[in-house]
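One structure is given below, encoded as structure tokens.
Atoms within a ligand are numbered from 1 in the order they appear, just like the ligands themselves. FYI, the numbering just counts along the sequence from 1.
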Amino acid sequence: MQEIKINLKDNSYSVFIGDLKNLEFGSKVAILSNQKVAGLHLKTLLERIKAPQISIISVPDGEAYKNLKTIEQILEQMFCSYLDRKSTLIALGGGVISDMGGFAASIYERGIDFINIPTTLLACVDASVGGKTGVNNAFGKNLIGSFYQPRAVYCDSAFLATLPSRELRAGMAEVIKMAVMFDKDFFDYLVNFDLSGDLAGFYDEIINKCVRLKASVVAQDEKENGVRAVLNYGHTFAHVIERQSGYGEFLHGEAVGMGIIMANELALRLNLLSLDDANKIKACLARFNLALNYKIKDANAFYNAFYLDKKSANNKIKFILPNGKIGSYCLRDDIDKSVVLDVLQGLK
Ligand code: NAD
Ligand code: GLY
């Protein structure tokens with residue numbers, strides 16, 4: 001079991017990577033999950049939890065249900081379970097469950113403890129760590145939410161054994177994002193690792209690496225006033241893709257893969273990336289069967305959707321781009337609209 005500390009001004013906590021240990025609570029616990037994940041993994045979790053009362057809260061599965069209506073349902077079930085301010089909500093599932101669980105915990109009686117037990121690769125490497133919680137609405141992805149840190153995160157890659165390969169691949173987009181932005185050696189590891197054998201060790205390694213990278217970013221900038229925005233590489237584009245396609249056609253990670261390609265097109269235009277490096281990143285995404293081409297129908301509409309991006313302020317759109325090489329990043333809010341539009345037109 002590895003322990004990685006998320007060091008914050010207040011509310012520091014640990015991410016534990018390895019076999020899920022026994023968890024003991026002095027107060028009531030509710031486990032939030034969906035039918036699919038609960039059917040596969042709830043029994044394992046229940047065998048490890050000791051608490052005076054354990055209730056199960058189930059929500060419909062999928063990004064399409066990551067909204068305020070589902071939050072109300074979660075809160076209702078929390079009230080029906082008589083949770084109090086000493087209770088803990090455990091989110092067992094992927095990023096949709098941890099984002100909604102964290103948000104519900106943050107507003108239930110002005111905030112109760114929550115713990116993340118991620119069961120997707122994407123949630124292990126990114127969503128379960130760092131305290132961004134929230135839901136989507138008609139205006140965009142994750143536009144309603146809070147920064148609310150979990151008390152602890154338990155990443156046990158054994159849960160990934162039941163994850164469909166499409167979901168595993170989608171998780172790899174966030175892993176590649178981390179590598180391209182922060183760590184060339186890690187990128188080379190992803191490019192060169194022999195994927196033909198048993199991948200259990202590979203997943204443990206990349207979860208470890210990504211959590212360490214994210215821990216360092218979140219410790220520097222918990223509320224995204226600076227470097228944390230770099231974790232949004234590819235996402236400015238991906239969020240528009242997800243919204244335009246109704247949060248159903250593409251998995252979040254797949255949209256991120258396409259968004260990385262789009263961000264790189266912009267970086268190429270600005271001479272922030274060599275064609276060689278852009279091709280290496282494309283090949284790395286392709287290695288994990290990512291980076292489909294997304295055909296932009298209306299470049300102006302796509303551009304206008306950027307204004308709803310949470311990084312935009314004072315009518316300036318912020319782009320996260322590589323900065324000259326793999327493993328290096330920059331934040332740019334000074335890119336001429338005509339340049340961006342021209343790149344988007346080229347992606348039609
Ligand atoms: P998800 O939560 O929808 O899970 C993907 C699918 O896999 C679901 O159908 C789920 O029921 C199923 N599943 C989960 N675990 C399983 C398992 N072990 N075996 C079989 N099936 C399993 O999707 P996701 O990719 O985990 O997360 C995407 C969400 O995470 C998005 O909403 C995104 O916005 C959010 N996110 C948040 C952060 C953050 O920092 N808060 C970071 C990245 C992504
Ligand atoms: N996944 C982006 C962040 O946590 O900031």
Side-chain angles (χ1 to χ4, degrees), residues 6 20 32-42 44-45 58-67 70 91-103 106 116-136 140-150 153 155-175 177-178 181 203 210-211 213-215 217-218 220-236 238-239 242-243 247-248 250-257 259 310-311 320:
I6 312 292
L20 186 62
L32 173 69
S33 198
N34 63 42
Q35 247 188 352
K36 192 193 286 176
V37 177
L40 293 164
H41 300 298
L42 182 60
T44 309
L45 179 58
S58 189
V59 290
D61 185 16
E63 186 75 36
Y65 294 98
K66 188 177 151 182
N67 54 36
T70 309
L92 174 72
V96 168
I97 293 290
S98 54
D99 277 13
M100 287 199 293
F103 185 48
S106 77
N116 277 330
I117 305 191
T119 61
T120 64
L121 179 62
L122 186 142
C124 288
V125 298
D126 194 351
S128 67
V129 180
K132 275 191 183 176
T133 79
V135 292
N136 312 324
K141 280 270 300 177
N142 302 327
L143 291 181
I144 299 169
S146 56
F147 282 100
Y148 195 68
Q149 300 294 341
V153 181
C155 292
D156 182 345
S157 60
F159 289 123
L160 304 184
T162 57
L163 196 63
S165 53
R166 185 178 173 202
E167 297 288 349
L168 279 168
R169 291 198 300 264
M172 285 307 301
E174 302 281 11
V175 176
K177 165 197 86 177
M178 292 282 201
M181 290 288 95
Y203 290 126
C210 288
V211 172
L213 287 169
K214 188 156 182 185
V217 171
V218 173
Q220 291 171 65
D221 178 22
E222 181 185 358
K223 302 261 168 88
E224 198 169 308
N225 294 309
V227 66
R228 185 161 181 173
V230 175
L231 298 174
N232 253 253
Y233 170 49
H235 287 58
T236 313
H239 287 164
E242 285 185 273
R243 186 157 70 91
Y247 302 116
F250 304 110
L251 301 179
H252 174 69
E254 289 172 338
V256 170
K310 290 189 292 308
K311 295 184 297 303
I320 314 299

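- Nearest protein heavy-atom neighbour of atom 34 (O) of ligand 1: K141 NZ, 2.7 Å.
- Of the candidates I117, L32, L92, V37 forms a side-chain contact (heavy atoms from CB on, under 4.5 Å) with just one, namely L92.
- For ligand 2, the atoms closer than 4.0 angstrom to any heavy atom of K132 are 2 (C), 3 (C), 4 (O), 5 (O).
- Per-residue contacts place G94 under 4.0 angstrom from the following atoms of ligand 1 (heavy atoms of the residue considered): 2 (O), 26 (O).
- Looking only at side-chain heavy atoms (C-beta outward), V59 and I97 come within less than 4.5 Å of each other.
- Of all protein heavy atoms, the one lying nearest to atom 30 (O) of ligand 1 is G95 CA, 3.3 Å.
- Atoms of ligand 1 lying under 4.0 Å from at least one heavy atom of T119, given by number and element, are 14 (C), 15 (N), 16 (C), 17 (C), 18 (N).
- Checked by atom type and distance alone, the side chain of D221 pairs as donor or acceptor with a backbone atom of R228 at under 3.5 Å.
- When heavy-atom distances to ligand 1 are checked against a 4.0 Å cut-off, T133 has no atom that comes that close, whether in backbone or side chain.
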- Item | Check against side-chain hydrogen bond (donor to acceptor under 3.5 Å, both in side chains), N232 and K311 | CA-CA 9 Å; N232 253 253; K311 295 184 297 303; 3.2 Å; yes

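- Here the protein heavy atom with the shortest distance to atom 3 (O) of ligand 1 is V96 CG2, 3.3 Å.
- D126 places a side-chain heavy atom less than 4.5 Å from the side chain of K177.
- Considering backbone and side-chain atoms alike, F159 places an N or O below 3.5 Å from some N or O of ligand 1.
- The nearest heavy-atom contact from the protein to atom 1 (N) of ligand 2 is D126 OD1, 3.0 Å.
- The closest side-chain heavy-atom distance from K66 to D99 is below 4.5 Å.
- When heavy-atom distances to ligand 1 are checked against a 4.0 Å cut-off, L231 has no atom that comes that close, whether in backbone or side chain.
- For ligand 1, the atoms lying closer than 4.0 Å to a non-hydrogen atom of K214 are 40 (O).
- Each of the atoms 11 (O) of ligand 1 lies under 4.0 Å from some heavy atom of N34.
- Counting non-hydrogen atoms of other residues, nucleotides and ligands closer than 6.0 Å to CD of Q35 gives a total of 12 or fewer.
- Nearest protein neighbour of atom 13 (N) of ligand 1, counting heavy atoms only, is V37 CG2, 3.7 Å.
- Below 4.0 Å from some heavy atom of K66 lie the following atoms of ligand 1, by number and element: 31 (C), 32 (O), 33 (C), 34 (O), 35 (C).
- Distances below 4.0 Å separate heavy atoms of T120 from the following atoms of ligand 1: 4 (O), 14 (C), 15 (N), 24 (P), 26 (O).
- Close contacts of ligand 1 with H252, meaning ligand atoms under 4.0 Å from a residue heavy atom, involve 33 (C), 44 (C).
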- Given the rule in the side-chain hydrogen bond (donor to acceptor under 3.5 Å, both in side chains) test, do T162 and H41 qualify, once you have shown the distances and angles that lead to the verdict? CA-CA 9 Å; T162 57; H41 300 298; 2.8 Å; yes

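- Applying the 6.0 Å contact sphere to CZ of F147 captures more than 12 heavy atoms from other residues, nucleotides or ligands.
- For atom 20 (C) of ligand 1, the nearest protein heavy atom (residue, atom name, distance) is T162 O, 3.1 Å.
- Counting protein heavy atoms only, atom 5 (C) of ligand 1 is closest to E167 OE1, 3.2 Å.
- At a 4.0 Å heavy-atom cut-off, ligand 1 touches N142 through the side chain alone.
- I6 contributes atom CD1, which lies 8.5 Å from atom NZ of K214 (distance to the nearest 0.5 angstrom).
- Close approach to K132 involves these atoms of ligand 1, each under 4.0 Å from a residue heavy atom: 40 (O), 41 (N).
- With contacts defined as side-chain heavy-atom distances shorter than 4.5 Å, the pair M100/N67 does not qualify.
- Nearest protein neighbour of atom 36 (N) of ligand 1, counting heavy atoms only, is A127 CB, 3.7 Å.
- Atom 28 (C) of ligand 1 has L122 CD2, 3.8 Å as its closest protein atom, hydrogens excluded (heavy atom only).
- Nearest to atom 16 (C) of ligand 1 by heavy atom, out of L163, V129, L168, I97, is L163.
- Classification of K310 and E224 as a salt-bridged pair fails, no side-chain N sitting under 4.0 Å from a carboxylate O.
- Residues E242 and E254 fail the side-chain proximity criterion, which asks for heavy atoms closer than 4.5 Å.
- Side chains of E167 and L121 form no contact here, defined as non-hydrogen atoms less than 4.5 Å apart.
- Which parts of ligand 2 touch K214 is read off a 4.0 Å heavy-atom cut-off, strictly below it: atoms 1 (N), 3 (C), 4 (O).
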